[in-house]
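Presented below is the structure to which this report refers.
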Amino acid sequence: TFDIVAMEASNGAKASIGTTENAPEAEVGFANNILVTDSYTIEITDYRVILAGEAGNEYGSAPVIAFWYTTTNTSGKEIDPMSAWIYVMSAVQDNDPNAVNELSVAMLPDSRFTETQMQKIKAGGSVECAMAYELTDTETEVTLTAKSSLFGPELGSQTFPIQ
């Protein structure tokens, strides 16, 4: 039995994380570095900007913003950490007055996850991973938005300053 941690998303929806016997089903949402879906949770544990040529962005020609996260399978459905992120997250750097600047996914920023990024997560299990996006400047903050699926309704957004 684990304690349930409650959080309130920006849209006012509350989400619960964790498991306990006879616990109510968690409500979906994205706030405070935690995304809760019907099938899994993602907790962002760290993020940072990596310049071109630095470790984690050795082969890139542009700086990236990298996110480290843990995906927990809360449903027993088949899921891996990379797909869990890609299916629901988008990153935007709002530095174009005329168009939405959705950032492109960059190479894996942490070689520790080369073999595990597509690893199937067991029910109740958690796997760490990382994801990076190519920045178009090193000043404008990045907003991550989570949706229930590629084209589903928004679950919440969170802004990350460029450090």
Out of curiosity, does [Y] fall in the hydrophobic cluster containing [X] (side-chain heavy atoms, cut-off under 4.5 Å, transitive links)?
X    : Y    : value
V92  : Y87  : no
Y40  : V127 : yes
L108 : I44  : no
L135 : V64  : no
I86  : V88  : yes

Who passes side chain to side chain contact (heavy atoms under 4.5 Å, CB included) against [X], sequence neighbours left out?
X    : result
M107 : Y59
D94  : none
A91  : L103, Y133, V142, L144

Is it true that a side-chain atom of [X] and a backbone atom of [Y] form a donor plus acceptor pair closer than 3.5 Å?
X    : Y    : value
N57  : I50  : yes
E54  : A52  : no
Q158 : T145 : no
T72  : T74  : no
T114 : S111 : yes

Looking at [atom1] of [X] and [atom2] of [Y], how far apart are the two atoms once the value is rounded to the nearest 0.5 Å?
X    : Y    : atom1 : atom2 : value
T116 : D80  : OG1   : CG    : 10.0 Å
D110 : M131 : CG    : CE    : 12.5 Å
E43  : N32  : CD    : CG    : 10.5 Å
I121 : C129 : CD1   : SG    : 9.0 Å

Q | Residues, nucleotides or ligands: over 12 heavy atoms within 6.0 Å of K122 NZ | A |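 No, not enclosed.
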Q. Are the ring centres of W68 and F113 closer than 6.0 Å?
A.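 Centroid separation for W68 and F113: 6.0 Å or greater.
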Q. Any chance the rings of F67 and F160 have centres within less than 6.0 Å?
A.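 For F67 and F160, the ring centres are under 6.0 Å apart.
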Q.
Determine whether E128 and Y69 satisfy the following criterion, side-chain contact (heavy atoms from CB on, under 4.5 Å), listing intermediate values before the conclusion.
A. CA-CA 6 Å; E128 295 178 343; Y69 62 95; over 6 Å; no
Q) When you look at I162 and E139, which way does the side-chain contact (heavy atoms from CB on, under 4.5 Å) test go after all the steps? A) CA-CA 6 Å; I162 301 298; E139 297 172 7; over 6 Å; no
Q. Which heavy atom in S157 sits nearest to a heavy atom in E154, and how many Å separate them?
A.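 Heavy atoms of S157 and E154 come nearest at OG-OE2, 3.2 Å.
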